[in-house]
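Presented below is the structure to which this report refers.
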Amino acid sequence: MDIRIGQGYDVHALAEGLRLVLCGVEIEHTKGCVAHSDGDVAIHALCDALLGALALGDIGKLFPDTDPKYKGIDSTKLLQIVLNLVRDKGYDISNLDITIAMQRPKLRPYIDQMRECLAGVLEIEVDRVSVKATTTERLGFEGREEGVSATAVALLIKD
Ligand code: MG
């Protein structure tokens, strides 16, 4: 059995009046991520973890933010494309673990919906998908509510 691990990290600035979408779920908030796509920082970190596990580069290489075809794109669509690359290489997802760092709002009420959304897109069981959220105790750019960051780890297996 061949086992691969990958990690991803992403950051987006927050601005008033934009949509906030995390793990494919729309979050009620006054601010959203500034981005070329829908700004789903958690899915972007996850895409980089999946790509990293197979040394396929990164999301910026695959989906350049200078390309108008990705303007405002739903990041679950990017994730689907990345999933196809994983499958093309003959790998399955064993499990995923994502951490979102954001001071406000509390993300706990959305966590299960986020897990279900990702599991649905990736066609895996929900118990293979972990999504966690943390504040940064008001420290740093996340704590000042200037931005949101996400890290992700993915384990892939090939029988
Ligand atoms: Mg991004």
Side-chain angles (χ1 to χ4, degrees), residues 4-87 89 91 93 95-108 110-111 113-122 124 129-136 139-156:
R4 297 291 191 98
I5 191 166
Q7 64 95 29
Y9 175 67
D10 195 28
V11 172
H12 280 268
L14 285 169
E16 294 287 346
L18 298 177
R19 280 174 77 215
L20 179 63
V21 183
L22 295 170
C23 296
V25 175
E26 185 135 4
I27 311 292
E28 213 167 300
H29 194 39
T30 55
K31 293 179 174 183
C33 287
V34 179
H36 186 65
S37 66
D38 66 358
D40 193 327
V41 65
I43 286 188
H44 297 175
L46 176 56
C47 285
D48 268 357
L50 294 168
L51 293 168
L54 298 177
L56 291 173
D58 61 46
I59 193 171
K61 178 179 156 191
L62 217 59
F63 313 111
D65 63 8
T66 49
D67 190 332
K69 99 173 151 217
Y70 301 120
K71 184 149 176 53
I73 195 168
D74 178 342
S75 292
T76 60
K77 296 206 165 65
L78 306 181
L79 183 58
Q80 256 154 3
I81 295 169
V82 170
L83 174 66
N84 288 337
L85 294 174
V86 168
R87 286 181 171 161
K89 291 271 184 183
Y91 286 85
I93 295 167
N95 72 297
L96 308 169
D97 191 13
I98 298 170
T99 302
I100 303 166
M102 186 168 205
Q103 190 63 41
R104 251 182 3 113
K106 285 277 177 237
L107 297 178
R108 189 178 306 270
Y110 298 97
I111 292 287
Q113 207 184 330
M114 292 176 177
R115 294 174 61 216
E116 279 159 24
C117 177
L118 295 178
V121 173
L122 297 169
I124 56 177
V129 180
S130 164
V131 178
K132 311 188 299 298
T134 183
T135 72
T136 57
L139 297 169
F141 64 85
E142 301 100 327
R144 291 189 298 269
E145 301 182 36
E146 294 167 0
V148 50
S149 67
T151 60
V153 176
L155 198 72
L156 307 182

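Order of appearance sets the numbers: ligands from 1, and atoms from 1 within every ligand.
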query = Can you tell me how far NZ of K69 sits from OG1 of T66, rounded to the nearest 0.5 angstrom?
reply =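 Answer for the OG1-NZ pair, T66 versus K69, is 10.5 Å.
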task = Could you tell me the separation between the CD1 atom of I124 and the CD1 atom of I93, rounded to the nearest 0.5 Å?
result =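 So the CD1 of I124 and the CD1 of I93 are separated by 4.5 Å.
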inquiry  = Quick one, T76 and D38 - any side-chain contact, counting heavy atoms below 4.5 Å?
reply    =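 With C-beta onward as the side chain, the pair stays apart.
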key: Y110 and L22, any side-chain heavy atoms less than 4.5 Å apart   =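 No - every pair of side-chain heavy atoms lies 4.5 Å or more apart.
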message = Within the supplied structure, the quantity of interest is the number of heavy atoms (other residues, nucleotides, ligands) at a distance under 6.0 Å from E28 CD; does it exceed 12?
response =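 Counting other residues, nucleotides and ligands, CD of E28 stays at 12 neighbours or fewer.
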K89, NZ: over 12 other non-hydrogen atoms inside 6.0 angstrom =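 At most 12 heavy atoms, drawn from other residues, nucleotides or ligands, come within 6.0 Å of this atom.
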key: Total protein N, O or S atoms, the Mg ion (ligand 1), separation less than 2.8 Å   =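 Considering protein N, O and S only, the Mg ion (ligand 1) has 3 within range.
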